[in-house]
K.L.:
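Structure below; questions to follow.
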Protein chains: 2
Amino acid sequence: MTDASSLDAGQLAAYLALKEVGSLIEHAVEQQLRADGGLSGPQFQILASLADAPRGRLRMTDLADGLVYSRSGLTYQAAQLEKAGLVTRAPAEEDERSIIVTLTPRGRELLGKVMPGHVEVVQRLLIDVLDPADLATMAGILNRVRDRMRTGPPRSAAPRRSAGARKPR
Amino acid sequence: MTDASSLDAGQLAAYLALKEVGSLIEHAVEQQLRADGGLSGPQFQILASLADAPRGRLRMTDLADGLVYSRSGLTYQAAQLEKAGLVTRAPAEEDERSIIVTLTPRGRELLGKVMPGHVEVVQRLLIDVLDPADLATMAGILNRVRDRMRTGPPRSAAPRRSAGARKPR
DNA sequence: TATTGTTATACTCTATAACTATA
DNA sequence: TATAGTTATAGAGTATAACAATA
């Protein structure tokens, strides 16, 4: 990837570093989750989302929206988690079409068992390497990127290529 | 993931932002690669690595090392790419055990066809959102993290998370 | 024996489309 | 008709272990 057709060296370096660090951390985290709790990344995300929700309950659709993937993909994962006794599924009372997924005590327990290791990995790979100021700077920058991404990718304004020179914020 | 057991809010925010931005960009890039050239992310990475190498040639092992995954995984991908006429595989002359993977003209051509779109996505999602200073700052920080990760994760400092975990599934 | 790579196999994940049922 | 979710299915990706060939 020497010639990226219009990304200068610095831009390319930023992109590649982001990509690599992201995937390395993800990899390390997934290994830990698997080893400590037999959980895959997606499964952990579902359990964590539920743990974060009011009564450990969320509708399938809300879960799917928060986590990116398709309905059917979530159905598959939810079925796995249900088989393992980590969540239950039941129709919502107000709307019989909706399914409410609920974290079971056992699910919460497993999450508690896995969390320390999870935190340890993140701490060791990311937090410990940076001083608080850098960490805050990075978070700020990345949040800006994330917000922009979520605000609908300006598909309309695609043909933009002014290599930098923009002061967002 | 409200309670992360020992990550403060800022640390957690940094981690989550990194994770989310990384996966959103990866997703967008993979979609573009698939649409513009019928390539998966891993396949593109292999082709790009080859394009970067001296004569468009690399040994299987060197490819695998550079790209993370297992030998067998690379064998699979290399076979796909060979079927598509994008690379060739031939034993090395100095060491009959080694296989040299070579980018074909057609492979290089496809790469050329896919690159503009690839760059455009990165530009739109990442570069355009940040001013040059932020970009440089982020690259610097992430490079520090990456270097540390590569310098063998101080496995010594990881008190193994025994905790009899091992059951869900 | 160690290294390079392939094969066989098995499993996870994801997506699309067709389908059911509620609203 | 529109929405929520499931099912059937199909395919891609990855890893592990056993294997063959070369060094």
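Side chains are part of it too, since the values below use all heavy atoms of this structure and drop only hydrogens, waters and symmetry mates. To find a chain, count down the sequence lines: A is the first, B the second, and so on, and within it residues start at 1.
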K.L.:
Quick check on side-chain contact (heavy atoms from CB on, under 4.5 Å): which of B:Thr102, B:Thr88, B:Leu50 does B:Arg57 satisfy it with?
P.N.:
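It is B:Thr102; the other options fail the test.
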K.L.:
Does A:Thr75 reach a base, just sugar-phosphate, or nothing at all? Heavy atoms under 4.0 Å.
P.N.:
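Result for A:Thr75 = base.
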K.L.:
Of the nucleotides C:dA23, C:dT14, C:dT4, which has the atom closest to the A:Glu96 side chain?
P.N.:
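From the listed options, C:dA23 comes nearest.
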K.L.:
Quick one: B:Arg34 CZ to C:dA15 P, roughly how many Å, whole number?
P.N.:
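Taking atom P of C:dA15 as the reference, CZ of B:Arg34 is at 12 Å.
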K.L.:
With a 4.0 Å limit, can you tell me whether B:Gln43 has a side-chain N or O closer than that to the phosphate oxygens OP1/OP2 of D:dG13?
P.N.:
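Yes, B:Gln43 has a side-chain N/O under 4.0 Å of OP1/OP2 on D:dG13.
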K.L.:
Does A:Pro42 or B:Arg59 map to a spot on DNA chain C nearer the 5' end, using the closest nucleotide for each?
P.N.:
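Residue closer to the 5' terminus by nearest nucleotide: B:Arg59.
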K.L.:
Of A:Arg89 and A:His27, whose closest DNA chain D nucleotide lies nearer the 5' terminus?
P.N.:
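Upstream on the strand: A:Arg89.
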K.L.:
Roughly, in whole Å, what's the span from CD in B:Gln77 to C1' in C:dT6?
P.N.:
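Distance check: B:Gln77 CD to C:dT6 C1' gives 15 Å.
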K.L.:
Whole angstrom is fine here: how far is it from CG in A:Leu81 over to C1' in C:dT12?
P.N.:
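Rounded to whole Å, this separation is 13 Å.
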K.L.:
How close or far is atom P of C:dT22 from atom CD1 of A:Ile99, stated in whole angstroms?
P.N.:
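The answer, rounded to whole Å, is 10 Å.
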K.L.:
Can you confirm whether A:Gln80 sits close enough to A:Gln43 that some side-chain heavy atom of one is under 4.5 Å from a side-chain heavy atom of the other?
P.N.:
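Of all side-chain heavy-atom pairs linking A:Gln43 with A:Gln80, at least one is under 4.5 Å.
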K.L.:
Say you draw a straight line from CD of B:Glu120 to CE of B:Met115; how long is it, rounded to the nearest 0.5 Å?
P.N.:
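One gets 14.0 Å once the value is rounded to the nearest 0.5 Å.
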K.L.:
Rounded off to whole Å, could you give me the CZ-to-P distance for the B:Arg71 and D:dA17 pair?
P.N.:
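After rounding, the gap between these two atoms is 15 Å.
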K.L.:
According to a strict under-4.0 Å criterion, is B:Ser40 in side-chain N/O contact with OP1 or OP2 of D:dG13?
P.N.:
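It does, given that an N or O in the side chain of B:Ser40 lies less than 4.0 Å from OP1 or OP2 of D:dG13.
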K.L.:
Between B:Ser98 and C:dT4, does any side-chain N or O lie under 4.0 Å from OP1 or OP2?
P.N.:
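Checking B:Ser98 against C:dT4: no side-chain N or O falls below 4.0 Å of OP1 or OP2.
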K.L.:
Before accepting this row, confirm whether a basic side-chain N of the pair B:Asp95/B:Arg59 lies closer than 4.0 Å to the acidic partner's carboxylate O.
P.N.:
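Salt bridge: no.
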K.L.:
Rounded to whole angstroms, how far apart are CD1 on B:Ile100 and C1' on C:dT4?
P.N.:
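These atoms are roughly 11 Å apart.
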K.L.:
Please report the distance, rounded to the nearest Å, between CG in B:Leu63 and P in D:dT14.
P.N.:
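Rounded to the whole Å, the gap is 14 Å.
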K.L.:
To the nearest 0.5 Å, what is the distance between CG on A:Leu39 and NE2 on A:His118?
P.N.:
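Going from the CG atom of A:Leu39 to the NE2 atom of A:His118 covers 11.0 Å.
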K.L.:
Among the nucleotides C:dT16, C:dT3, C:dT6, which one has an atom lying closest to any side-chain atom of B:Arg97?
P.N.:
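Within the option list, the nearest is C:dT3.
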K.L.:
From the options C:dC13, C:dA15, C:dT22, select the nucleotide whose nearest atom is closest to the side chain of A:Asp95.
P.N.:
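Between C:dC13, C:dA15, C:dT22, the one nearest the side chain of A:Asp95 would be C:dT22.
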K.L.:
Between P on D:dT14 and CD on B:Gln80, what's the gap in Å once rounded to a whole number?
P.N.:
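After rounding, the gap between these two atoms is 11 Å.
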K.L.:
Go through the N and O atoms of the side chain of B:Ser72 and the base of D:dT14, and report whether any donor-acceptor pair is under 3.5 Å.
P.N.:
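No, the side chain and the base share no sub-3.5 Å donor-acceptor pair.
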